[in-house]
Every structure is written in structure tokens, then in C-alpha cells.
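Heads up, the thing below is written out as C-alpha cells.
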Amino acid sequence: MCSRWEEEKKEDGVKWTQLEHRGPYFVPLYEPLPDDVQFYYDGKPLKLSLATEEIATFYAKMLDHEYTTKEIFQNNFFNDWRKEMTSKEQKIIKDLDKCDFREIHKYFVDKSEARKALSKEEKQKLKEEADKIQEEYGYCILDGHREKIGNFKTEPPGLFRGRGDHPKMGMLKKRIMPEDVVINCSKDSKIPEPPEGHKWKEVRFDNTVTWLASWTENIQNTLKYIMLNPSSKLKGEKDWQKYEVARRLKDVVHKIRAQYRADWKSKEMKKRQRAVALYFIDKLALRAGNEKEEGETADTVGCCSLRVEHIKLHPRLDGQEHVVEFDFLGKDSIRYYNKVSVEKLVFKNLQLFMKNKDPADDLFDRLNTSILNRHLQSLMDGLSAKVFRTYNASITLQEQLKALTNSEDSVAGKLLSYNRANRAVAILCNHQRSTPKTFEKSMQNLQTKIDAKKQQVEEGQQELKKAEDEFEDTKDAKAEANVEKKKKLLKRLEEQLAKLNVQATDKEENKQIALGTSKLNYLDPRITIAWCKKFGVPIEKIYNKTQREKFAWAIDMADEDFEF
DNA sequence: AAAGCGGGCTGCCA
DNA sequence: CCCGCTTT
């Protein structure tokens, strides 16, 4: 079966035998502003040096955003900006409040308007240029296959934003130069050429990693990589492997649950904390929660890093017992808010863990992610905290599909069931989105369509009645045929109306839920493909082109009998 | 520290 | 696109 996904195995840790590529594509250099676009300091025009001007444009472009009004953003920006100024500029520009970027801002607004207003031909030309770059830099050769690269361009310089309340917001993200870049490829391949007049930082031939190029980013001092697109064989196999690990968890999860329940009564505090944390990770699909360096990142937490202030205990709430109220900022500073009725022993343990602690103290003070993951690894090979998220997401999809799908439904009805199953997963994983800006409007449009369709249905009913009356009178074959015709028409109209109603329901339910993340990262695609085959739903109704490329491995191997 | 997977949002396109 | 997090 599926040849491409089951080629010969490599030695342990070896990811490829051949890797050839052109290196990153460097974003264009800064183009100075036209002379009539000026920066003003203290009301007077001030000509800036090239480097200073470039950084000024970063700030100017952001003037519309609320975060440029934040003190931290402004301070970080101004600090970094001043570092890049000439000494003469430093002596003049001492107060951000006296800086006037409005003309520069307008210049970029106009520019982007002008870009939108380009003729079809001009836009076509731009697209062709982009395609050419994609064609040249966007692919590599890996073990004889031409594979798409994910991010082949270096990130442009700009101001760092970060998510949520990030202490580094506004800092200058520097331009990546070839001298910063480490190239990784195979020894006997055509080594990528650095841009004219430049050198790579290093060229290495490491076949135990999957990246093509890397550099250190200056905000957090961490590495960034150029890697393959999800459609690649390498990524596909990794994805497959991930779901296979989750499926192995399925076989032992009952045992693991029994054990952590037993551990709630352990004499060792450390074990108890581990068992309660694992319960949360399993039941609520929380992330592991590594500890983070204070002041370097936004204050967000996961399971192991929960603090006392993040939960409230209610012995009784809204008719339920032993309710834990969670309220904290998780990954990307997305709020996790949930009220959950838990087992009595969990509740008692939480009371114990919180005793004599300050709100800012760790809830699980004897636990961290490495302790937890070491324990999980001992329970099952390859098991770590995140596997529970994958497992629970996928098994939930499978169960929900089973419960919600009606084989008698139209394709539209089945799709609503699918989306509802997907939604259950997204809610479990807390994948949220802000209500789309256009939500109300598009909802209204849909409602207008529904009203119009209702009208048509009524008309169709009247026409059918008329035709039936006529047949009653005449009893002739022509009139009888007309009745059939009107019946068919009415049926079609009713189906169209039903479909629109289903769409409206789906849209409303999906207002603040993001389905994409779970679909892409947590749901074993074979579950979906099997469901599509079983119920005659075209795969394209669920997965768009990009998604089908990413899940090619699953489309290749899953039949309708697949069970997660 | 290094590697690589997971996340929400925006603009563009079919 | 540009970041945030987990795992090892």
C-alpha cells in the first residue's frame, strides 16, 4: 500500500540522505522615502539618516494600531530606535512625543491604496514575479523528490508585537543578513550561493535535522528555521507518527486513568499533584505548562504552571458539586474560562494544595513539565502531555461523528454534523476566535437569501395547488405532467431553503469558535476521510486544496473502515 | 539550547 | 505571517 509513505527506513535519527536548495530568499532592502515625505521633530521637518528613517517607517506604519499608544511599546521602540541613530540624531531626538510620523503614515496608506487600485495587468505582472521567486526559492530536492518549502523568505525587519501583554512589544526586529544565516544541505549538493558580496554565517551538512537554514532572532534570542511545507513527505510522516502515538495511548488510557485516580490518595504530595495535574490535562485538554523566564514573555500559563489565583473552588455552584472555576491566560494569551465539576478527591486535593499559599504561588509546587513527562514516558513509549490533547481531540471527533451523523441527511446536513463534531473538539481545546468583523453583515445577507427562498417556496406551493386544481378539472395528461413538474420544483426549492437554514445555524454556532487549528493539528485525518467515504461526502467539502496536500498520506491510506 | 509543532489573524484569490 | 509553546 501507499508506496510514497513507506519507503525504506533510515538509520535512527537520520532524516534525509540528499538535501539541495537555494537558501532563503532575502526580503528587498529598504527603499528611502521620497523627498516630499517628511518626518517632523518638535514641529520642524528633520531629514533622517537611512537607518533611522527605516525604523521610523516601522512605527509610522503602525500608527493606526492601539498598541502604539501603550507605554511599554513606546518605550521599547524609542530605546531601540535611539540605539540606531547617528550621534547627531541622538542629540536632537530625545522625546517620542515630539516625533510626528503622520506624513510618513499617510504615505504608506496611500501606497497600499494605490497597490489595490492597480490594473488587472499590473497585478498579473506582480503575481508572475512572485511566482518566479516561489519557483526558484520555494522548492528543494529531498531524497530525489522535489518538495515545497514552508517559509523560504526571511522575515522582514519591523517592530515586534508579541501576543497579549508582552514586555518586549515595540522592540526592533532586525533585518536578517546572509551573515546571520546557517545553511544546512547535503555535502555533494549544489551549495546555495549567498547574495552578491555576502557570505553565509556557516554551511553545515547535518542530516539528523530537517531544517534548510536557520538564524537567531534578536528579540528573544531564539532560533528560527526554514523548514518544509506540510505537504512534504518528511512532515507527512511525522504527522502520521503523531497520530499513531495517540492511537497507542487509546490502548492504555484506561490503565493510566485508573492509576492517576489511585494516586489522588497517595501519601506523597508530589504524586498527588502529578495525578491531579494529569487529570486536568486528560479531562480538560490543558497544555503542559512549562515555566517561563519572568519578564521575557507575556504572563501565560498551562497546567503545571497554574497559580493559586487561577482557580476558585466552589463546594456547590449552580446545582453542581465540587466545582472548579478556571480563569487564566493560556497560549497566545487566549483566556481559558471554565467551570468544571470534578471528583470529590480532586476537590479535596486542590484545597490541600492551596492551603497557606498566596494567590501568586504555584498550585502544583512539587511538579513541573519535565517531572510529568518523565512519568508519562515511563507509562508508555513516546507518551508526553501533548499526546493527551491529540488523543482526546481525535477520539472526540470520532465519537461525535458517530453520534451526530444521519445517513439519511443531505450532504449539507451531514456537513453540519461534521462541523458540530469539529466544534466539540475546538471547544475542548479552547480554540477561540474573535467574532469576524463582517459577521453581522454576512449573517444578514444570508437571512435575506433565506427570506427570498421562503418566498419562492410559498409561490411554488401556490403553483402546485393551481396545477393540481387544473388536473382535477381537466384530468388530461398534460395537466398531470404539469403537477409532477411543479412538485419537483417545490421539492428543489425546499431543499435549497433547508440548506440555507443549515448554513445559518452553522455560522451562528461558529461565531467565536476557530475550527482550523484542531482540523489541521489535532484530528487524525483518517477519521474524516473514512467518514467521507462512508457517507458519500466529497473530501473537498471538508478539506481545501492546501489541507488535501497536507493530508495526502491519509487520503492515500484510509478506507471507510478506519477506526482511530 | 535546539528542534519542531501549534495558534490566531490578515489580505488575497478563486 | 509571525509568533508561542512543548519536547528532548
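Hydrogens, waters and symmetry mates are skipped; everything else that's a heavy atom, side chains included, is used. Letters A, B, ... mirror the listed sequences (proteins, then strands); counts begin at 1. It should be emphasised that the depicted structure is a prediction, and the values quoted were computed from it without experimental measurement.
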- Parallel, tilted or perpendicular: which fits the ring planes of A:Tyr59 and A:Phe77, with parallel below 30° and perpendicular above 60°? parallel
Contact span of DNA chain C against chain A, any nucleotide atom under 4.0 Å from a heavy atom, 5' to 3', runs C:dC2 to C:dT7
Scoring nucleotides 4-9 of chain B by protein non-hydrogen atoms under 4.0 Å (B base, S sugar-phosphate only, - none) yields BSBBSS
For residues 422-444 of chain A, the ring pair (Phe, Tyr, Trp, His ring centres under 6.0 Å) pairs (sequence neighbours left out) are A:His431-A:Tyr522
**Asked** How is A:Gly162 classified with respect to the nucleic acid when contacts are heavy atoms under 4.0 Å: base, sugar-phosphate, or nothing?
**Response** sugar-phosphate
Students often mix this up, so state it plainly: with edges at 30° and 60°, are the rings of A:Tyr418 and A:Trp531 parallel, tilted or perpendicular?
tilted
Judged by nearest nucleotide, the residue sitting upstream toward the 5' end of DNA chain B, A:Arg204 or A:Lys127, is A:Arg204
**Prompt:** With the threshold set at 4.0 Å, does a side-chain nitrogen-carboxylate oxygen contact exist between A:Glu179 and A:Lys199?
**Reply:** no
note: A:Phe108, atom CZ; B:dG11, atom C1'; distance rounded to Å ~ 18 Å
A:Asp131 CG to B:dC13 P, in whole Å, measures 10 Å
When we call it a touch if two heavy atoms are under 4.0 Å apart, what does A:Gly516 touch: a base, just sugar-phosphate, or nothing? nothing
Residues passing the salt bridge (charged side-chain N to carboxylate O under 4.0 Å, His left out) test with A:Lys106, sequence neighbours excluded, are A:Asp110
The complete set of ring pair (Phe, Tyr, Trp, His ring centres under 6.0 Å) pairs with one or both residues in residues 212-232 of chain A, sequence neighbours excluded, reads A:Trp211-A:Tyr225
Any luck finding a side-chain donor-acceptor pair between A:Glu128 and A:Gln124 under 3.5 Å?
-> yes
Going by atom types only, do A:Lys292 and A:Thr300 share a side-chain donor-acceptor pair under 3.5 Å?
yes
Q) Between the side chain of A:Asn218 and the main-chain N/O of A:Lys174, is any donor-acceptor distance below 3.5 Å? A) yes
Here the residues of residues 176-184 of chain A within 4.0 Å heavy-atom distance, strictly under, of DNA chain B are none
Practice prompt. Assign A:Pro156 to base, sugar-phosphate, or nothing according to its heavy-atom contacts below 4.0 angstrom with the strands shown.
Written response: sugar-phosphate
(request) Run the salt-bridge test on A:Arg248 and A:Glu244 with the 4.0 Å N-O cut-off and return the result as yes or no. (result) no
### Message
I'd like to know if the side chain of A:Asp362 and the backbone of A:Phe364 have a donor-acceptor N/O pair within less than 3.5 Å.
### Response
no
Within residues 290-298 of chain A, those residues having any heavy atom closer than 4.0 Å to DNA chain C are A:Asn290, A:Lys292
Donor-acceptor contacts under 3.5 Å from residues 17-25 of chain A side chains, at least two apart:
from    : atom 1 : to       : atom 2 : distance (Å)
A:Thr17 : OG1    : A:Asp143 : OD1    : 2.9
A:Gln18 : OE1    : A:Gly144 : N      : 2.8
A:Glu20 : OE1    : A:Lys190 : N      : 3.0
A:His21 : ND1    : A:Gly23  : N      : 3.0
A:His21 : NE2    : A:Asn184 : O      : 2.7
A:His21 : NE2    : A:Leu212 : O      : 3.2
A:Arg22 : NH1    : A:Glu136 : OE1    : 3.1
A:Arg22 : NH2    : A:Tyr137 : OH     : 3.4

Residues in residues 360-385 of chain A with a heavy atom under 4.0 Å of DNA chain C, by number, are A:Asn373, A:Ser384, A:Ala385
Residues passing the side-chain contact (heavy atoms from CB on, under 4.5 Å) test with A:Asn544, sequence neighbours excluded, are A:Thr546, A:Gln547
A:Arg161 CZ to B:dT10 C1', in whole Å, measures 15 Å
For a quick test of your reading: what N or O donor-acceptor pairs under 3.5 Å do the side chains of residues 423-430 of chain A make, sequence neighbours left out?
from     : atom 1 : to       : atom 2 : distance (Å)
A:Arg423 : NH1    : A:Asp506 : OD1    : 2.9
A:Arg423 : NH1    : A:Asn510 : OD1    : 3.2
A:Arg423 : NH2    : A:Asp506 : OD1    : 3.0
A:Arg423 : NH2    : A:Glu509 : OE1    : 2.6
A:Asn430 : OD1    : A:Gln432 : NE2    : 2.7
A:Asn430 : ND2    : A:Arg335 : O      : 3.1

A:His166 meets the side-chain hydrogen bond (donor to acceptor under 3.5 Å, both in side chains) criterion, sequence neighbours left out, with none
Electrostatic pair A:Lys127-A:Asp131, nearest N-O below 4.0 angstrom
yes
